[in-house]
Amino acid sequence: MTRNNQCMALRPTALGSLRNLPAHTRFACIGASSAGAIGAIAGLVVGLDAYAPTAWFAVLELGVPAAITGGVFGFIAGTVAAFVTSTARRVKRRHAHSHE
C-alpha cells in the first residue's frame, strides 16, 4: 500500500499550523516555548545543584516566568514585524502607482 501525495499535504504539522497564525501570535508562541524551555533547563540545573528532591519546583520556578517573558517579547516582536511588513507593502504599492 502506497501513500498518496495529496494525503500527505492534508496531515497537520506543528510548523504548518504555526504558519497559519498571525505574525504577533506566531512570534509569541515561538518566544514562549523557546524561553520556557531554556528557563526550564536552567531551573533543572539550578535545582539539582541546590537540592535534588525539589529540583522539579525549580524547573517551574524559572521556566514559567521565562515562558511568560518570552511570550511577551515575542508578541511585541511579532507586532513590530507585522507593522513593518504592512508598511513596506503600502510603500511599495504607492511607489508602483506613482510610476504608471
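- Between the Thr54 side chain and the Tyr51 main chain, a donor and an acceptor come within less than 3.5 Å of each other.
- Taking Ile, Leu, Val, Met, Phe, Trp and Tyr as hydrophobic and joining them when side-chain heavy atoms fall under 4.5 Å apart, one finds Val59 in a cluster with Leu44, Leu48.
- Residues Gly39 and Ala66 approach most closely at CA-CB, 3.9 Å, considering heavy atoms.
- Side-chain atoms of Thr25 never come within 3.5 Å of backbone atoms of Leu21 as a donor-acceptor pair (strictly under, hydrogens ignored).
- Note that the OG1 atom of Thr79 and the CZ atom of Phe27 stand 9.5 Å from one another [nearest 0.5 Å].
- Counting heavy atoms from C-beta on, the side chains of Asp49 and Val45 never come closer than 4.5 Å.
- Here the straight-line distance linking atom OG1 of Thr85 with atom CZ of Arg90 works out to 11.0 Å at 0.5 Å rounding.
- Linking Ile, Leu, Val, Met, Phe, Trp and Tyr whenever their side-chain heavy atoms come within less than 4.5 Å leaves Ile41 and Trp56 in two separate clusters.
- In this structure, Arg19 and Arg26 approach most closely via the heavy-atom pair O-NH1, 3.6 Å.
- The minimum heavy-atom distance between Ala35 and Gly70, with the atom names listed, is CB-CA, 3.8 Å.
- Gly43 approaches Ala58 most closely through the heavy-atom pair O-CB, 3.3 Å.
- The two atoms that bring Gly47 and Ala55 nearest to each other are C-CB, 3.7 Å, heavy atoms only.
- A donor-acceptor contact shorter than 3.5 Å links the side chain of Ser86 to the backbone of Phe83.
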